[in-house]
K.L.:
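Once you've had a glance at the structure underneath, I'll fire off some questions.
Just so you know, these numbers use all the heavy atoms, side chains as well, and skip hydrogens, waters and symmetry mates. Values in this document were obtained by computation on a predicted structure and should not be read as measured data.
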Amino acid sequence: MTALPPAFTLFSDRRFRRHGLQGDVTVQFTGDGLDLTGAEGGRLVIPVHRVARLRSARESIKNGPLWQTRLWLEGEAEPLLFSIIGRRNLGGYVPAMQGLGRALAAAGRAGGLESGQTPFGAFLLPVLIGILFLVASGISLFVITNEPWWGRMIVPAVPGVIFAVTIMLGRRLWPRRVKSVEEYCARVDGWG
């Protein structure tokens with residue numbers, strides 16, 4: 001008995017509907033690409049040679065871990081987005097995206113493998129915390145004038161530390177090419 005290829009299910013969105021997929025989408029790695037099938041109709045086969053770029057990342061959000069892969073098809077500006085929140089479907093997602101990454105590398109297209117989120121997503125939180133830090137610094141310098149200097153520095157200290165931490169997180173989520181297919185596979189799995 002032959003084992004079935006890794007598969008997972010996603011909620012449909014406009015990007016999938018644009019390609020004719022209706023209803024929840026089942027994504028299956030076939031060894032030489034992806035096979036996407038809509039529960040209510042439609043099918044999209046993506047061979048490796050049609051994949052221009054593949055970017056994967058994992059981050060923590062309110063509802064648990066979020067795994068995301070953006071897949072750009074040759075000649076298309078907007079990527080397909082594969083998102084898994086929590087651990088549901090993770091058993092199919094990780095091997096499918098790692099398999100696709102390995103297939104791209106084997107086809108000589110490892111330069112299209114990336115890790116990270118979008119630039120906007122990577123630095124939204126640092127920008128917001130940076131604004132908070134600037135406001136706290138302004139309050140410390142211009143409003144709390146009757147305290148000693150060390151007492152006034154307490155106000156911006158906490159936002160300053162959080163700002164430094166979010167900068168490091170933003171650098172980790174910044175989109176960039178991976179050095180090897182092993183690094184890509186580790187990013188898909190949520191490590192590294």
K.L.:
Any side-chain heavy atom of Arg14 within less than 4.5 Å of one from Glu78?
P.N.:
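Arg14 vs Glu78: side chains touch.
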K.L.:
Can you name the nearest heavy-atom pair linking Tyr93 to Ser56, along with the distance?
P.N.:
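Looks like OH-OG, 4.3 Å.
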K.L.:
So, Phe29 versus Phe8, ring centres under 6.0 angstrom or not?
P.N.:
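Centroid separation for Phe29 and Phe8: 6.0 Å or greater.
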K.L.:
In terms of side-chain geometry, is the basic nitrogen of Glu114 or Arg176 positioned less than 4.0 Å from the acidic oxygen of its partner?
P.N.:
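So Glu114 does not pair with Arg176 through a salt bridge.
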K.L.:
Could you tell me whether the side chain of Leu104 reaches within less than 4.5 Å of the side chain of Val51, counting heavy atoms only?
P.N.:
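Side-chain contact under 4.5 Å: yes.
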K.L.:
Report yes if the distance between the aromatic ring centroids of Trp174 and Phe123 is under 6.0 Å, otherwise no.
P.N.:
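Yes, the ring centres sit under 6.0 Å apart.
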K.L.:
Taking all heavy atoms of Ser83 and all of Leu66, pick out the closest pair and write down the distance.
P.N.:
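For Ser83 versus Leu66, the nearest heavy atoms are CB-CD1, 4.3 Å.
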K.L.:
Could you report the tightest heavy-atom contact between Val181 and Gly101, atom names first, then the distance?
P.N.:
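Nearest heavy atoms, Val181 then Gly101: CG2-O, 3.7 Å.
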K.L.:
Identify whether the distance between the nearest side-chain nitrogen and carboxylate oxygen of Arg109 and Glu74 falls below 4.0 Å.
P.N.:
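Yes, charged N to carboxylate O under 4.0 Å.
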K.L.:
Between Gln117 and Arg70, does any side-chain donor sit less than 3.5 Å from a side-chain acceptor?
P.N.:
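Result is yes, a qualifying pair exists.
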K.L.:
Does this structure show an ion pair linking Arg177 with Glu183, if we count only N-O contacts that are shorter than 4.0 Å?
P.N.:
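Salt bridge flag = no for Glu183 with Arg177.
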K.L.:
Leu44 and side-chain contact (heavy atoms from CB on, under 4.5 Å): which single residue from Leu21, Val27, Leu34, Asp35 fits?
P.N.:
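Result for side-chain contact (heavy atoms from CB on, under 4.5 Å) with Leu44: Leu21.
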K.L.:
When you compare the side chain of Tyr184 with that of Gln98, does any pair of heavy atoms fall below 4.5 Å?
P.N.:
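A side-chain contact under 4.5 Å is absent here.
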